[in-house]
Amino acid sequence: MLAPPNGGSEIADLLVNNQFYRKIFGPMGAELTTSPSSSLEQLLGKVDYPLGIVAGNRFVDPLGWLLIPGPNDGRVSVEHTMVPGMADHITIPATHFAMMRNQNAIRHVVAFLVNGHFVRD
């Protein structure tokens, strides 16, 4: 997973009642908050498979820096990317929106797919 809001996002907490946000994200926008519904947790179930998570700790949007405590990628805190049962977790210097094209993230994903864990330098 790349920068997933497994534990929700404080940005979603702030915007969940905003009409524009609700129009863009629809009902799933409410599921991105730090207080997701129990039905979503039941639907997703426990992690019982090899799962690697890559989180970022860089941001360009000052809103994220002001609203999200601790290291974050401007949308999701590193802490909220984690999920019980994950096989491995790594934090890299990347923003949320650049994560998919970040060469470091790609290298880590390939390493996880080959080895079942991230390779640390």
Quick one: does [X]'s side chain get under 4.5 Å of [Y]'s, heavy atoms only?
X: H96; Y: V76; value: yes
X: S9; Y: L32; value: no
X: L2; Y: M100; value: yes
X: V78; Y: H89; value: yes
X: E10; Y: P69; value: yes
X: P93; Y: N57; value: yes
X: Y21; Y: L14; value: no
X: R22; Y: N17; value: yes

For the atom pair [atom1] ([X]) and [atom2] ([Y]), what is the distance rounded to the nearest 0.5 Å?
X: F97; Y: F59; atom1: CZ; atom2: CZ; answer: 14.0 Å
X: I92; Y: R107; atom1: CD1; atom2: CZ; answer: 8.5 Å
X: N18; Y: K23; atom1: CG; atom2: NZ; answer: 12.0 Å

Taking all heavy atoms of [X] and all of [Y], pick out the closest pair and write down the distance.
X: M99; Y: A94; result: CE-CB, 4.1 Å
X: A87; Y: G116; result: CB-O, 4.3 Å
X: A55; Y: T81; result: CB-OG1, 3.6 Å

Membership question, hydrophobic clusters at under 4.5 Å side-chain separation (ILVMFWY): are [Y] and [X] in the same one?
X: I53; Y: V47; result: yes
X: L66; Y: V60; result: no
X: F20; Y: L67; result: yes
X: V83; Y: Y49; result: yes

For the side chain of [X] and the backbone of [Y], is there at least one donor-acceptor N/O pair under 3.5 Å apart?
X: N115; Y: A111; answer: yes
X: H80; Y: P5; answer: no
X: D13; Y: T34; answer: yes
X: D88; Y: M86; answer: no

Residue from V109, V54, N6 passing side chain to side chain contact (heavy atoms under 4.5 Å, CB included) with M1: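 One option only clears the test, and that one is N6.
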Check: T95/D73 side-chain N/O donor and acceptor closer than 3.5 Å: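 D73 and T95 do not have a side-chain donor-acceptor pair below 3.5 Å.
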More than 12 heavy atoms from other groups under 6.0 Å of CZ on R101: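 Atom CZ in R101 is not packed in, count stays at 12 or less.
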Mutual orientation of the aromatic rings belonging to H108 and F118 [parallel < 30°, tilted 30-60°, perpendicular > 60°]: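 Aromatic pair H108/F118 classed perpendicular.
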